[in-house]
> 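Below you'll find the structure I mean.
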Amino acid sequence: MSAKNVTLKVENLNKNYGSVVALSNVSFEILKGEVVALVGDNGAGKSTLVKCVAGSVFPSSGSIYLDGEKVNFHTPGQARDAGIETVYQQLALVDTFNISENLFLGKEVKRTGLSRLFGILDRKEMRRQALQAIQEFNATFPDVNATVETMSGGQRQIVAMTRGAFWGKSLLLLDEPTAALGVQESKSVLEVIERFRSQNQMSLLIISHNLEHVWQVCDRILVLRGGNLVANLVKKDVTKSDVVSHITGAYSK
Ligand SMILES: Nc1ncnc2c1ncn2[C@@H]1O[C@H](COP(=O)(O)OP(=O)(O)OP(=O)(O)O)[C@@H](O)[C@H]1O
Ligand SMILES: [Mg+2]
């Protein structure tokens, strides 16, 4: 596999919180366009790993490469500038803003010409681009101008994912995208992830406790246990019960 097909490479990553070893010598790659699940029990190190890649936690040692370039993120802003977007469970949407205002939060499009001098926002242009982004994922909203506080958990998740896909160039990190959602809502979110896979050149790394959901959308599964990467599995080669055995440690006994 040539290096240009590798979006993310993590090499011997370690993270200690005092005496707690959250990650121990973790190494793996994610290829361009791949959808990879990150699974493991509570406290296994999943969020820590995602935060190291997203620039919100600094690793104790090890290397991270994005599109073949070694990166050293000290802030989430640096990771975003490099093309990595993250959707955390808390989502970080502004309740009283609508979809397009949330999509362009902090990156507003200013009008051109004289109005630009006064920092006047080009709401029409932002709305046009937001609608186009939503349509690309076939997501539907009863009212695209509604504030996100009026939306369901699934719709909010889709707004946050659309924002990630809109700004991200290489990698989208999703921490538990279906955790708080009901059956129908999860279905819509998984359908949007499916569309990412078919339409997008981005790679996805998805933390999930739900193996049914993992099975529906992922190509490969990484299993963390006690901070160690204990399995790196191609989905079509394994069963769900294999994955559970790796999560619980039954395979290592
Ligand atoms: N800021 C922190 N300070 C100290 N210890 C931490 C911190 N963040 C995480 N840890 C510890 O690191 C280990 C890994 O935590 P992490 O949050 O990465 O696990 P996780 O796999 O995401 O778990 P969950 O499924 O419960 O979200 C745990 O032992 C946790 O207590
Ligand atoms: Mg976590």
Side-chain angles (χ1 to χ4, degrees), residues 8-30 35-64 71-79 84-93 153-154 156-157 160-161 164 171-182 185-186 189-190 193 203-218 220-233 235 240-252:
L8 179 74
K9 181 175 174 184
V10 168
E11 209 171 52
N12 293 326
L13 202 70
N14 289 282
K15 177 65 190 177
N16 305 325
Y17 292 108
S19 60
V20 175
V21 179
L23 295 173
S24 175
N25 273 321
V26 171
S27 300
F28 64 91
E29 291 180 347
I30 297 181
V35 179
V36 176
L38 180 59
V39 303
D41 234 332
N42 294 117
K46 305 180 295 296
S47 294
T48 302
L49 176 55
V50 162
K51 286 175 183 167
C52 286
V53 174
S56 62
V57 158
F58 197 68
S60 304
S61 66
S63 308
I64 299 173
V71 291
N72 246 317
F73 303 133
H74 290 265
T75 65
Q78 291 172 347
I84 298 177
E85 286 285 326
T86 311
V87 179
Y88 292 106
Q89 250 182 288
Q90 306 81 349
L91 294 179
L93 298 178
R156 291 167 63 92
Q157 181 69 40
M161 286 176 8
L171 180 65
L172 185 61
L173 306 169
L174 304 175
D175 195 346
E176 298 276 3
T178 57
L181 308 180
E185 300 252 278
S186 296
V189 167
L190 293 169
I193 292 174
S203 308
L204 266 74
L205 179 63
I206 306 173
I207 295 180
S208 180
H209 278 104
N210 188 317
L211 284 187
E212 290 297 330
H213 295 171
V214 165
W215 237 253
Q216 283 175 49
V217 294
C218 293
R220 210 145 50 79
I221 301 146
L222 304 175
V223 186
L224 278 175
R225 194 173 69 249
N228 294 287
L229 186 71
V230 293
N232 183 344
L233 309 161
K235 183 184 75 181
K240 280 179 214 141
S241 86
D242 290 332
V243 175
V244 172
S245 299
H246 284 291
I247 292 172
T248 59
Y251 273 172
S252 65

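Note that ligands are numbered from 1 as they come in the structure, with each ligand's atoms numbered from 1 the same way. These values consider heavy atoms only, across backbone and side chains, with no hydrogens, waters or symmetry-generated copies.
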> Decide yes or no for N14 and S24: does some side-chain heavy atom of the first lie under 4.5 Å from some side-chain heavy atom of the second?
yes
> Any N/O/S atom from N42 (main chain or side chain) under 2.8 Å of the Mg ion (ligand 2)?
no
> In terms of side-chain heavy atoms, does D175 have a donor or acceptor partner in S47 at a distance below 3.5 Å?
yes
> Scan K46, Q157, H209 and name whichever one has a side-chain hydrogen bond (donor to acceptor under 3.5 Å, both in side chains) with E176.
H209
> Using heavy atoms and a cut-off under 4.0 Å, could you grab the residues that are in contact with ligand 1, chain by chain, numbers ascending?
Y17, V20, A22, D41, N42, G43, A44, G45, K46, S47, T48, H209
> Would you indicate whether the side-chain heavy atoms of V39 and L222 approach each other to under 4.5 Å?
no
> Are L173 and Y88 packed together at the side-chain level, in the sense that at least one heavy-atom pair is separated by less than 4.5 angstrom?
no
> Holding to salt bridge (Lys or Arg N to Asp or Glu O under 4.0 Å), I want the full list of residues that pass it with K9, two or more places apart in sequence or in another chain.
E11
